[in-house]
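A short write-up of the structure that comes next.
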Amino acid sequence: MRIVLIGAGGQLGTALSARLPGDVVPLGSADLDISEANRVRQVVSDRRPELVINTAAYNFVDRAEDEFDHAEAVNASGPKYLAETCAALEIPLVHVSTDYVYGEAGDRRIPWKETDHPHPTSRYARSKLAGEEFVQAACTKHFVIRTCGLYGRAVSPGKGNFVETMLRLGRERGAVSVVDDQWCAPTSAADLAGAIADLIQTRHFGLYHATNSGSTTWCDFAREIFRLASMAVSVTPITTEQFKAKAARPRYSVLDCSKLAAVVGRPMRTWQEALEEYLSTR
């Protein structure tokens with residue numbers, strides 16, 4: 001299978017490059033700006049793929065509040081152009097989205113299913129939801145995959161990830177304050193890449209949730225990072241209000257991944273197991 005991989009230098013793109021079967025054609029931001037419709041049609045068509053995977057995204061959540069046009073161009077218009085191109089070529093498109101589409105949760109503690117109605121509360125999340133909807137509308141053969149708390153190694157420098165940020169702050173300060181009222185499911189890019197590699201073999205198109213198993217708060221995630229890294233770092237729990245981020249974050253965005261597990265024949269391993277492997281191989 002000939003696969004065009006967009007965003008190949010990012011964390012997920014790097015993991016996919018090592019995991020995908022067949023002939024992988026990696027495209028970075030220097031090769032293709034997905035917000036340019038004509039370039040998308042030309043570049044993708046010229047590579048003659050049998051499948052396209054899009055991991056490119058504008059992921060600066062707070063900056064998106066002021067740079068919404070940029071976020072929308074990459075997160076919404078870009079996937080639209082890719083979906084239209086893939087539909088014209090009659091090939092599948094894999095598009096990666098986010099748990100942030102579930103912005104309002106109240107006191108919810110039940111993982112979100114693909115059938116649950118999204119309600120984004122930030123401009124970043126709205127742009128990502130729009131991208132999902134464009135893909136679903138334009139390309140029948142689609143895999144739209146929502147994930148959460150992604151971390152991994154990247155060929156290209158980017159915005160980093162929570163694990164590396166905690167390790168750096170722990171070394172520099174010896175103490176951190178981390179939000180303890182937002183629940184998530186931290187996800188290894190390597191594990192997500194494996195799930196995607198399995199999923200594309202099935203031809204069971206549709207919307208999927210894909211994260212490592214289990215859930216935690218960002219504060220307890222930080223504590224586990226330092227425990228596994230054998231670092232004596234003081235972790236102080238704080239509230240969302242104390243953190244004072246510009247963009248709203250989901251209070252509970254744990255995803256139910258039972259649909260994915262049923263299709264590929266296995267659940268993804270626990271977030272603790274994935275994190276331990278990541279830290280042991282740094």
Side-chain angles (χ1 to χ4, degrees), residues 1-28 31-32 34 40 43-57 75 78-99 113-114 128 131-148 150 152-155 185 187-213 255-269 274:
M1 181 186 296
R2 186 173 176 82
I3 302 173
V4 163
L5 175 60
I6 299 169
Q11 295 176 77
L12 180 55
T14 299
L16 281 164
S17 295
R19 192 63 185 264
L20 290 172
D23 178 17
V24 179
V25 181
L27 297 178
D31 304 304
L32 177 62
I34 63 171
V40 168
V43 171
V44 172
S45 298
D46 286 351
R47 268 64 177 183
R48 300 184 182 278
E50 298 170 79
L51 174 85
V52 173
I53 300 178
N54 177 42
T55 70
N75 293 343
K80 176 177 183 288
Y81 303 146
L82 287 168
E84 291 170 346
T85 300
C86 288
L89 296 173
E90 299 183 335
I91 61 173
L93 170 64
V94 178
H95 174 64
V96 180
S97 190
T98 175
D99 62 304
K113 293 180 178 289
E114 291 87 349
K128 290 294 290 182
E132 290 185 11
E133 293 171 343
F134 282 135
V135 170
Q136 292 167 320
C139 184
T140 303
K141 298 177 181 179
H142 65 260
F143 296 101
V144 173
I145 300 171
R146 294 177 182 148
T147 193
C148 174
L150 195 67
R153 295 172 184 82
V155 172
T187 302
S188 158
D191 285 12
L192 180 57
I196 292 173
D198 290 343
L199 185 61
I200 61 176
Q201 302 298 323
T202 70
R203 309 287 289 185
H204 287 289
F205 303 118
L207 173 64
Y208 289 87
H209 291 168
T211 69
N212 281 116
S213 301
L255 303 178
D256 184 319
C257 302
S258 56
K259 178 183 176 182
L260 174 72
V263 170
V264 303
R266 61 175 178 84
M268 291 171 67
R269 62 180 168 172

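Because the structure is a prediction, the values reported are computed rather than measured.
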Could you report the tightest heavy-atom contact between [X] and [Y], atom names first, then the distance?
X	Y	value
E114	L207	CG-O, 3.4 Å
Q11	L150	OE1-O, 4.4 Å
C139	C86	SG-CB, 4.0 Å
P79	L93	O-CD2, 4.3 Å
S213	P267	OG-CB, 4.4 Å
G10	A154	C-CB, 3.7 Å

Using the test side-chain contact (heavy atoms from CB on, under 4.5 Å), find all partners of [X] that sit at least two apart in sequence or belong to another chain.
X	result
P92	L51, K141, R203, F205
A56	I6, I34, N54
A210	I145, L192, L260, M268
D31	L27

Practice item. Under the side-chain contact (heavy atoms from CB on, under 4.5 Å) rule, what do H95 and L82 come out as? Steps first, then yes or no, please. Key: CA-CA 9 Å; H95 174 64; L82 287 168; 5.9 Å; no
Check your understanding: Among V4, V52, V40, whose side chain to side chain contact (heavy atoms under 4.5 Å, CB included) with T85 holds?
Key ->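 Per the side chain to side chain contact (heavy atoms under 4.5 Å, CB included) rule, the option paired with T85 is V40, out of V4, V52, V40.
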Review point. Does the pair I3 and V94 meet the rule for a side-chain contact (heavy atoms from CB on, under 4.5 Å), with working shown?
Key: CA-CA 10 Å; I3 302 173; V94 178; over 6 Å; no
Practice item. Evaluate the side-chain contact (heavy atoms from CB on, under 4.5 Å) criterion for residues K259 and H209: first the C-alpha distance (whole Å), next the side-chain angles of each, then the deciding distance (0.1 Å), finally the verdict. Key: CA-CA 8 Å; K259 178 183 176 182; H209 291 168; over 6 Å; no
Exercise for review: Just grab all the side chain to side chain donor-acceptor pair (under 3.5 Å) pairs involving residues 188-200, residues at least two apart or on different chains.
Suggested key: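 Checked against side chain to side chain donor-acceptor pair (under 3.5 Å) - neighbours excluded - the pairs reaching residues 188-200 are D191-N212, D191-R269, D198-R266.
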**Study point:** Interatomic distance, T55 atom OG1 to I196 atom CD1 [nearest 0.5 angstrom]
**Key:** 8.5 Å
Check your understanding: Out of curiosity, L89 CG to R47 CZ, how far, rounded to the nearest 0.5 Å?
Key ->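 One finds 13.0 Å between CG of L89 and CZ of R47.
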Listing, residues 16-23 side-chain donor-acceptor contacts under 3.5 Å, not counting sequence neighbours, or none:
from: S17; atom 1: OG; to: G13; atom 2: O; distance (Å): 2.9
from: D23; atom 1: OD2; to: R2; atom 2: NH1; distance (Å): 2.4

Just to verify, what does [X] make a side chain to side chain donor-acceptor pair (under 3.5 Å) with, not counting sequence neighbours?
X	result
K80	E84
E132	S97, R146
S258	D256

Check your understanding: After noting the C-alpha distance and the side-chain angles of F143 and T202, does the key distance pass the side-chain contact (heavy atoms from CB on, under 4.5 Å) rule?
Key -> CA-CA 11 Å; F143 296 101; T202 70; 4.3 Å; yes
Review point. Is the CD atom of E90 crowded by more than 12 outside heavy atoms at less than 6.0 Å?
Key: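 Not buried by this count: 12 neighbours or fewer within 6.0 Å.
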**Study point:** T187 (side chain) donor-acceptor with C148 (main chain) under 3.5 angstrom
**Key:**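 Here the side-chain-to-backbone pair exists.
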